[in-house]
Amino acid sequence: MSLINLIDLPVYGDGRGDLSSLEVGKDVPFDIERVYYLYNLGESPRGFHAHRYLQQLAICVNGHCKFLLDDGTRREEVVLTKPNQGLLIRRAMWREMREFSNDCVILVLASAHYDEKDYIRNYSEFLSFAKGE
Ligand code: TYD
């Protein structure tokens with residue numbers, strides 16, 4: 001099974017523009033407890049961590065960027081270019097983001113509040129954690 005799990009979101013477009021929506025239980029497979037977004041991104045890659053429990057859906061709502069996902073045994077990359085497509089990031093998944101376009105805005109829906117204790121920021125620690133899963 002691919003690590004890259006893309007969720008297509010509906011687009012309601014007409015002469016006035018496009019609108020996409022997502023609904024918990026239908027488009028998003030977890031309850032959303034937090035929303036955050038990344039913008040004014042530059043050359044510096046981001047991420048370089050995994051979460052013990054947190055699940056997330058990342059949507060590049062403007063511009064484009066590259067995500068790398070790593071489950072401890074495989075690494076896969078995907079370029080997000082569409083505001084109507086979400087990348088599901090399961091728990092225990094190392095992620096890196098890079099190659100942001102100047103206009104890139106990434107919206108992230110998360111299954112829990114911010115909790116630094118849920119982060120694994122050390123790659124060797126992540127590999128041990130992933131092995132134990
Ligand atoms: P971090 O998750 O390390 O960013 P990235 O993975 O994109 O490189 O978060 C950067 C900083 O922002 C860090 O100090 C924690 C803080 N932060 C919050 O306070 N709340 C949040 O919901 C998030 C995602 C980050």
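Nothing fancy with the numbering, it's 1 onward along the sequence. Just so you know, ligand 1 is whichever comes first in the structure, and atom 1 is the first atom listed for that ligand.
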Could you list each N/O atom of ligand 1 together with any protein N/O atom closer than 3.5 Å, one pair per line with the distance?
unit_1	atom_1	unit_2	atom_2	d
ligand 1	2 (O)	Tyr119	OH	2.7
ligand 1	3 (O)	Arg121	NH1	3.0
ligand 1	3 (O)	Arg121	NH2	3.1
ligand 1	4 (O)	Arg46	NH2	3.4
ligand 1	6 (O)	Gly47	N	3.4
ligand 1	6 (O)	His49	ND1	3.2
ligand 1	7 (O)	Arg46	NE	2.9
ligand 1	7 (O)	Arg46	NH2	3.3
ligand 1	8 (O)	Arg46	NE	3.3
ligand 1	8 (O)	Gly47	N	3.0
ligand 1	22 (O)	Arg34	NH1	2.4

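- Checking Tyr53 against Asp115 by side-chain atom types alone, no donor-acceptor pair falls below 3.5 Å.
- Asp70 is listed as a side-chain neighbour of Tyr123, based on a closest heavy-atom distance under 4.5 Å.
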With side chain to side chain contact (heavy atoms under 4.5 Å, CB included) as the test, would you mind laying out the steps for Met93 and Gln56 before giving the verdict?
CA-CA 10 Å; Met93 192 74 78; Gln56 293 176 295; over 6 Å; no

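- In this structure, Arg34 fails the cation-pi test against Tyr114, since its NZ or CZ atom is not both closer than 6.0 Å to the six-membered ring centre and inside 45 degrees of the ring normal.
- Judged by distance alone, with hydrogens and angles left aside, the side-chain atoms of Arg91 form no donor-acceptor pair with the main-chain N or O of Gln55 at under 3.5 Å.
- Here the two rings, on Phe126 and Phe48, have centers that are 6.0 Å apart or farther.
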